[in-house]
Amino acid sequence: MSTPQTPAAGLPGLLSELAWRDILHASTPGLQERLATGRLIAAYIGFDPTASSLHVGHLIPIFGLIRLQRRGGRPVALVGGGTGLIGDPSFRSADRPMLSLDVARANADAIHVQLARFLDFTPGPIGAVMANNLDWLGKMSMIEYLRDIGKHFTVPYMLAKDSVQVRLEKGLSFTEFSYMTLQAIDFQHLYRNYGVEMQMGGADQWGNITAGLELIRRSAAAAGDGEAVAHGISYKLLLAPSGAKFGKSEAGESVWLDAARTTPFAFYQYWLNADDRDVATYMRWFTLWGPDEVASLDAAIAERPGDREAQRRLAYDVTARVHGDPAAQDAVEISAALFQRDPVSDPRLLARIHAATSGPVVGPGAVEGGVALLLAEAGLAPSRGEARRLVTGGGITVNGERISNPASVPTAVAGEWIEVRVGKRNRSVVRVNAG
RNA sequence: GGGUCGGUCGGGCAGGUGGUGAGCCCAAGGGUCUGUAAAACCCUCGCCUUCGGCUGUGGCAGUUCGAUUCUGCCCCGGCCCA
């Protein structure tokens with residue numbers, strides 16, 4: 001981890017900030033000089049509409065745009081409504097599925113809405129802008145493409161990309177091979193129509209970014225004063241030191257930014273449970289905290305790991321950014337109630353926890369059938385046999401009491417709520433539906 | 001299209017020659033200790049109505065008292081040839 005030092009303010013300090021946060025992978029020569037002029041710069045990042053929601057992995061590019069805007073740059077979020085129809089082959093081992101036009105469009109719209117939360121779209125010099133590349137890629141004719149774009153790319157240049165090389169053995173369709181030229185068109189289009197001078201992206205995108213630079217350089221050759229007219233930055237791939245798969249819950253599910261897919265409570269819990277070895281990286285990447293604050297939390301991790309101060313601060317900060325302060329506060333309170341030693345007995349609090357965690361609902365028959373049946377019916381155990389094993393193994397606590405007999409019948413609080421703990425971390429409130 | 005080798009739990013494997021497949025390793029889950037950690041140790045790990053029962057070796061048939069094993073056709077994957 002780099003030694004924190006206060007970077008210069010504004011755009012001139014952008015690269016050094018990314019460096020001390022240990023995010024910077026590569027940047028084009030001359031970029032620092034361009035930023036040092038302090039002149040306004042616009043930069044973009046592309047988002048593939050492969051799903052109808054962004055997930056925590058997308059926070060990396062999102063923060064890329066946020067940091068740019070805070071330093072006085074104009075962020076441009078490009079949704080790949082057109083490129084998503086093709087599928088980026090970069091470093092993928094197999095063909096990626098192509099999205100249908102309808103799905104790509106619907107996903108692009110949904111992602112649009114999510115991105116709006118993170119950036120300031122107020123019109124102005126640094127107001128964020130959204131674009132969808134289907135708007136221009138969808139209109140381009142094949143003749144236009146081959147004459148104006150294809151002409152600037154040599155096959156050896158395209159073949160030389162690492163991202164292509166790794167696919168040559170396994171096979172690569174012409175469609176996928178052409179992907180980099182589409183992304184280059186995006187860059188050129190944004191360069192010409194929005195004044196975008198820079199593209200940012202993950203390290204796996206470097207080949208695509210440079211393809212865009214190549215297209216802009218060749219097609220703007222008339223300018224010809226030798227100075228680079230466009231730039232690129234790539235971010236390191238996030239490798240969690242603990243070896244954990246970033247962005248996956250303990251159950252192996254993706255952690256989404258959409259509250260309907262991942263509740264704010266689950267989202268908060270994901271960050272709170274970050275491994276000590278990973279939290280240092282996460283707080284650098286996923287917050288706007290400065291060097292001093294980061295250093296003090298580094299110290300807190302080292303001196304009082306049990307307090308998990310960094311995890312708590314991180315979890316709150318990210319949850320608040322994604323879901324808002326009230327939701328983050330709610331997640332903190334619910335976590336406190338659910339993970340204290342004593343069971344929750346207040347029906348109103350139980351109802352609140354049930355709602356915030358999207359707790360399971362079962363019929364009265366599931367309760368009368370005993371704990372094992374209840375666990376299976378509530379989806380807290382995959383099968384009745386598994387539920388039985390959990391109970392006999394001492395892993396189940398109901399309303400604060402450890403249960404050892406799979407057939408025992410639990411009592412619902414206020415006739416409606418049952419607090420169930422499966423192991424230590426998985427805690428939930430089950431609602432018994434009398435009707 | 002032809003040949004060949006394979007398809008056994010989430011992943012990787014063992015199960016020469018027809019005689020009981022619920023075994024192993026990893027991953028995962030639970031417990032103890034903890035911080036809702038990590039590490040370590042212990043337990044579990046197909047399904048069910050659980051002192052017992054059922055299903056299951058890619059699919060469908062066949063031979064047989066009995067098939068992972070033998071036969072036929074089909075599906076899927078690797079490699080070689082065209």
Side-chain angles (χ1 to χ4, degrees), chain A residues 93-95 169-171 240-246 248-255 262-283 297-316 318-319 328 330-344 353 356-357 359 365-398 400-409 419-429:
Chain A
S93 55
D95 234 31
E169 293 264 320
K170 281 279 177 186
S242 69
K245 289 163 264 169
F246 177 73
K248 297 287 181 187
S249 70
E250 305 213 359
E253 292 154 350
S254 291
V255 179
T262 300
T263 63
F265 168 77
F267 189 85
Y268 175 85
Q269 285 283 318
Y270 171 75
W271 296 101
L272 183 66
N273 282 318
D275 193 288
D276 289 352
R277 290 166 292 177
D278 300 332
V279 72
T281 302
Y282 293 170
M283 68 182 177
L297 286 171
D298 275 340
I301 297 166
E303 289 158 23
R304 301 177 303 280
D307 290 351
R308 290 193 295 165
E309 191 182 341
Q311 279 95 333
R312 288 177 202 284
R313 293 277 312 282
L314 171 72
Y316 186 90
V318 184
T319 307
D330 201 48
V332 171
E333 286 167 20
I334 284 167
S335 295
L338 215 40
F339 286 97
Q340 65 177 346
R341 190 167 286 279
D342 300 324
V344 183
I353 293 170
T357 56
V367 181
E368 286 150 19
V371 191
L373 182 63
L374 174 68
L375 288 166
E377 291 286 314
L380 297 173
S383 73
R384 224 175 292 184
E386 174 67 19
R388 190 178 296 276
R389 269 194 299 278
L390 282 167
V391 174
T392 39
I396 301 298
T397 304
V398 173
E401 239 178 290
R402 180 168 290 186
I403 304 299
S404 55
N405 177 10
S408 75
V409 178
E419 189 200 307
V420 182
R421 301 180 176 181
V422 181
K424 284 187 168 180
R425 282 184 262 183
N426 184 357
R427 303 187 172 197
S428 49
V429 171

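Lettering follows sequence order; numbering is per chain, from 1.
- You'll find the side chain of A:Leu380 reaches within 4.5 Å of the side chain of A:Ser428, heavy atoms only.
- Heavy atoms of A:Pro406 sit nowhere under 4.0 angstrom from any nucleic acid atom.
- Comparing B:rG46 with B:rU55, their C1' atoms sit 8 Å apart, to the nearest whole Å.
- Using Watson-Crick or G-U wobble geometry with both donor-acceptor distances under 3.5 Å, B:rA40 finds its partner in B:rU32.
- Nucleotide B:rA67 forms a pair with no other nucleotide shown, judged by Watson-Crick or G-U wobble geometry with both contacts under 3.5 Å.
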Please evaluate residues A:Val332 and A:Tyr268 with respect to the criterion side-chain contact (heavy atoms from CB on, under 4.5 Å), reporting the C-alpha separation (whole Å), side-chain torsions for both, the decisive distance (0.1 Å), and the verdict.
CA-CA 8 Å; A:Val332 171; A:Tyr268 175 85; 3.6 Å; yes
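- Neither OP1 nor OP2 of B:rA37 sits under 4.0 Å from any side-chain N or O of A:Arg308.
- Atom name C1', nucleotides B:rG72 and B:rC26: the rounded distance is 38 Å, in whole Å.
- One C1' atom belongs to B:rC75, the other to B:rG59, and the distance between them is 7 Å to the nearest Å.
- Pair check for B:rC13 finds B:rG23; Watson-Crick or G-U wobble, both atom distances under 3.5 Å.
- Across all strands shown, the partner of B:rU4 is B:rG78, judged by Watson-Crick or G-U wobble contacts whose two distances both fall under 3.5 Å.
- Nearest to the side chain of A:Glu386, among B:rG35, B:rG29, B:rA38, sits B:rG29.
- Residues A:Phe265 and A:Ile353 are not in side-chain contact: their nearest non-hydrogen atoms beyond the backbone lie 4.5 Å or more apart.
- Across the C1' atoms, B:rU44 and B:rU50 are found 15 Å apart, a figure rounded to whole Å.
- When the P atom is compared between B:rC13 and B:rC79, the two are found 16 Å apart, to the nearest whole Å.
- Contacts of A:Arg427 with the nucleic acid, taken as non-hydrogen atoms under 4.0 Å apart, are absent.
- The side-chain contact (heavy atoms from CB on, under 4.5 Å) search around A:Ile403 returns A:Val371, A:Val391, A:Val398, A:Ser408, not counting sequence neighbours.
- Among the nucleotides B:rU36, B:rA38, B:rG35, the one closest to the side chain of A:Pro305 is B:rG35.
- For the side-chain contact (heavy atoms from CB on, under 4.5 Å) test, residues two or more places apart in sequence or in another chain that qualify with A:Arg389 are A:Glu386.
- The gap from the P atom of B:rU68 to that of B:rU8 amounts to 15 Å, rounded to the nearest Å.
- Among all heavy-atom pairs drawn from A:Gly365 and A:Leu373, the shortest one is O-CD2, 3.8 Å.
- At a threshold of 4.0 angstrom between heavy atoms, the contacts of A:Leu272 include nucleobase atoms, whether or not backbone atoms are also involved.
- Base contact: A:Ser335 has a heavy atom under 4.0 Å from a base atom.
- In this structure, the side chains of A:Arg313 and A:Met283 stay at 4.5 Å or more apart for every pair of heavy atoms.
- B:rC5 and B:rC9 are spaced 22 Å apart, taking the P atom of each and rounding to whole Å.
- You'll find a donor-acceptor pair under 3.5 Å spanning the side chain of A:Asp276 and the base of B:rG35, going by distance alone.
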Polar atom pairs between nucleotides 30-33 of chain B and protein, under 3.5 Å, N or O only, would you list them?
| from | atom 1 | to | atom 2 | distance (Å) |
| --- | --- | --- | --- | --- |
| B:rG30 | O2' | A:Gly393 | O | 3.3 |
| B:rG30 | O2' | A:Gly395 | N | 3.4 |
| B:rU32 | OP1 | A:Arg402 | NH2 | 3.2 |

